[in-house]
Amino acid sequence: MHTEFLMGNEAIALGALAAGVHLVAGYPGTPSTEVLETAAKRNPGSVYVEWSINEKAAMEVAAGAAYAGARALVTMKQVGLNVASDPLMSLEYIGVKGGLVVMVADDPGPISSQTEQDTRTFAMFSKVPLFDPSSVQEAYTMIQEAFEFSEKYGTPVFFRATTRVDHGYEAIDVKDEAEYKKLPVEGFIKDSSRWVIFPRLSVVNHAKIERRNAALSDTLSDYPGNQILPGQGRKGIASHGINFTYVQEALTEEVPLLRVATPFPFPERKAVEFMEGLDEVLCVEELDPVIERALTYVCGKFGLKTRIRGKLTGDIAPSGENTIASVRAAIDAFLEKEPVAAPQSDPLPPLPVRPPVLCAGCPHRASFYAVKRAMQGQKTIFCGDIGCYTLGNAQPLDMCDTCLCMGAGLGIAQGVFHMEPDTKAFAFVGDSTFFASGITGTINAFYNQADMTLVVLDNSTTAMTGHQPHPGTGRTVMGQVVEKVRIENILKAIGLATVEIVDPLDHKLAVKTVKRVAAEPGVKAIIFRSPCVAITKPKARAKVDPERCVGCRRCIDQLGCPALILDGKKAMIDTSLCTGCTLCEQICPVGAISGGDRDAQK
Amino acid sequence: MPKNENIILCGIGGQGTILASKLLAAAAMKRGMAVKTAETIGMAQRGGSVFSHIRLGEDVHAPLIAPGQADLIIAFEPAEAVRHLHMLRPGGRVVVSTRPIFPTSVLVGQSQYPVEEVIDYLKTHVEHLTMVDSEQAAKDLGSSKVLNVVLLGAAIRSGALSLKEEDILEAIHERVAERFHALNENALKYV
Ligand code: SF4
Ligand code: SF4
């Protein structure tokens, strides 16, 4: 044992390694990414780790390992679970031999996600047991228990943490490498009555799963993570995850507390014990009212008179992230205490809005700007996708008309085209997103005769989540150098006649190419290829010659590069941000900017 | 037992708040203090408003700090200081870099940034205020990349923390490449 200062996600990875995990697979997504990265970094050498091309692939790879009797960990964010749900729903019916833990990061707020979906609800739907830790230290121990549990009951299990646990840091006790479990892998044993899903097997297994989960409700009532903390009075509070710590911070007196670490199967006996002698229980939850519904059900089932309050009764906000302050206010109201008056403060001065923006020198800015200029005056739709380039929606670029989920821009562009054939439909997709879920959309468009320009923004990395390698990079997370999968080859193999590769930082050429390609019929593609500036660390800097600058603001108003600022009436460049991409140099009407070097950017 | 200490670091994605928070945590651990922190990670790191909460002491449950409970706010930018001011406890200290950073939203007229009003607000509403001229610091130190350490140094010397300069220095030596040690040391002692 030794002490380390760890991020929750790092602790989860180290916990899995200590549990003797043999294989880790996942797809990057905030707030889950660091789990797999840490597993790769701290690999004792015996673990196979991969960034899969999407969550479905990861889930299936992990299932294979678990079929062979190995311990496997799959990592993803909550929306990634939607992608992985097809294999997972069936896998629950088949079961596993080695322990399989599905680590899903939920994102109340949401802070960096499309939805506020709750994996605890998904657990009920898929019948997969779920663990929900409250702290970094607990995440570390609980994931080890999750592996044991998975293996013991032959089922995949969810390990769900939310952003504040995933991205919280704590100094915790962890095992030394010598203490890690070393487990043999038995290997896959052929048995088609076990591994091949047919309706008759599903009938039998479904009944088994329901029986098992009913029994687990009782077993989990004794699980130490499901915890009653005694207190005074006839009112109690039930909570989970990070919210449990908010409750502890907010309380000034000892109120009976129930913490639910396994919301599914719900520890009913424990809940009955908790509600004994309580008139009312407030459920402090984030995302769905899972505990609240379960307690309400338990009261009905066992004829208890306890009144259950929470989101469904309007005592807790139905959506969004909770805070210590919001939890304190809810508890004070529940306990009928005088709310502490918020100190009166003077009105704040107006503060600048500071949304995230594309970095200075980001090649995506140049790509969007080229398409914008080329298509000016035409009827267009610009369908965006998930990645840094979603930020192309911001003013002044304003180049993202839709964004739904990974790869959806391709389909949406086609649907709009079929209804409005006079619209020039564009689908923008990043390189990693293209591999994850852009290929089927392209084939669909080609086969179904859509008229669409596919713009692949290829910056040779998975930038938004912190630069993970993908099939186009020629590197794996294990450090192998592998054959690159070339996007242009895929597109040509599908049958696209036009696949142009252009440097977006060559503004004139980029605009010319877009004009020409967009005018062609059918599905055609432009690959804007230029590396992400966050990994290339460019050295050149552009400068504005204040003598020549006429203060027209064209550079600032058109590009929105954060390095371009004003000095009085003239433009000025913040040299600590500028990467010398030269885009502003190319659009200044009087040639006042110079000094950049777009080749040095590569 | 010493009481808990709550620190907020706030600024703009890319300014080095995360390293500063790691240095504080490492320094506190050297003192044998329990540490919990929470960070903004993800999209906001692309030039958006970011913050770190750092909580030192045994009696801490949540990694986040409640409003009105921060002993110290280290702000890398004046508007960000004001944005987080409601978190400061009465009598708490604010260490702030006075150089404003204008987002594109202001330049293209989508939001306002009355810098003088913002600075005045800090001066009139914060009893214990340390203002750091980061532009001058960058000139004197020959680098704008160590603003985080300059601010940490100012915070330590203000006496708002129980941590000592040598704790931070040790943490720097462990976490920063050797060729930057002298620069960081100068930065730490700058204010
Ligand atoms: S060259 Fe111009 S557009 Fe490119 S990063 Fe520098 S200021 Fe921004
Ligand atoms: S486009 Fe050229 S002239 Fe116009 S403000 Fe920018 S640098 Fe000055």
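Convention: sequence-line order gives letters A, B, ...; per-chain numbering from 1.
Contact of L559(A) with chain B is not made at all, since no heavy-atom distance falls under 4.5 Å. Of the two parts of E116(B), neither the backbone nor the side chain holds a non-hydrogen atom closer than 4.5 Å to a non-hydrogen atom of chain A. For a residue to count as touching a neighbouring chain, one of its non-hydrogen atoms must lie under 4.5 Å from one of that chain's; by this rule L351(A) touches chain B with backbone and side chain alike. Looking at D166(A), there are no atoms closer than 4.5 Å to chain B (heavy atoms on both sides), in backbone or side chain. Within the 4.5 angstrom heavy-atom criterion, atoms from both the backbone and the side chain of A66(B) approach chain A. Interface remark: H125(B) contributes side-chain atoms only to the contact with chain A (heavy atom separation under 4.5 Å). Of the atoms belonging to C388(A), it is side-chain heavy atoms, and not backbone ones, that fall under 4.5 Å from chain B. Residue T323(A): no heavy atom, backbone or side chain, is found under 4.5 Å from chain B.
The backbone N or O of V35(B) sits nowhere less than 3.5 Å from a side-chain atom of Y169(A) that would complete a donor-acceptor pair. Between the side chain of S105(B) and the backbone N or O of R354(A) there is no donor-acceptor pair closer than 3.5 Å. In this structure, the side chain of E249(A) engages the main chain of H61(B) through a donor-acceptor pair within 3.5 Å. With hydrogens and angles disregarded, a donor-acceptor distance shorter than 3.5 Å links the side chain of R553(A) to the backbone of L107(B). Side chain of S111(B) to main chain of P352(A): no donor-acceptor pair is present (N/O by atom type, distance under 3.5 Å, no hydrogens or angles).
Nearest heavy-atom pair across S576(A) and K145(B) is O-NZ, 3.9 Å. What you find for V82(B) and P349(A) is that their closest heavy atoms are CG1-CD, 4.1 Å.
Taking a 6.0 Å sphere around CD of E4(A), one finds it holds more than 12 heavy atoms contributed by other residues, nucleotides or ligands. For K569(A), the NZ atom sits in a loose shell: 12 or fewer heavy atoms of surrounding residues, nucleotides or ligands are nearer than 6.0 Å. Counting heavy atoms of neighbouring residues, nucleotides and ligands inside a 6.0 Å radius, atom CD of E174(B) exceeds 12 of them. By the 6.0 Å contact criterion, CD on E166(B) is enclosed, its count of non-hydrogen atoms from other residues, nucleotides or ligands being greater than 12.
Within the 4.5 Å cutoff, side-chain heavy atoms of E170(A) are placed close to those of K36(B). For the pair P114(B)/P350(A), a side-chain contact is recorded, criterion being any heavy-atom separation below 4.5 Å from C-beta on. Side-chain contact between L566(A) and F102(B) is absent, with no heavy-atom pair separated by less than 4.5 Å. Counting only heavy atoms from C-beta outward, the side chains of S144(B) and T575(A) never approach each other to under 4.5 Å.
If you tally non-hydrogen atom pairs under 4.5 Å between each of S134(A), P347(A), G8(A), S135(A) and chain B, the highest count goes to P347(A). With respect to chain B, the highest number of heavy-atom pairs below 4.5 Å among V353(A), I324(A), N243(A) belongs to V353(A). When the candidates I54(B), I101(B), T104(B) are compared by the number of heavy-atom contacts under 4.5 Å with chain A, T104(B) comes out ahead. Your options are Q69(B), K22(B), H53(B), and the one with the most heavy-atom pairs under 4.5 Å with chain A is K22(B). Interface check for chain A: of the options L85(B), V106(B), V118(B), I65(B), the most heavy-atom pairs under 4.5 Å are formed by V118(B). For the options T30(A), V136(A), V165(A), L348(A), heavy-atom pairs under 4.5 Å to chain B are most numerous at L348(A). Contacts with chain B were tallied for I565(A), D557(A), D346(A), I556(A); D346(A) has the most, counting heavy-atom pairs under 4.5 Å.
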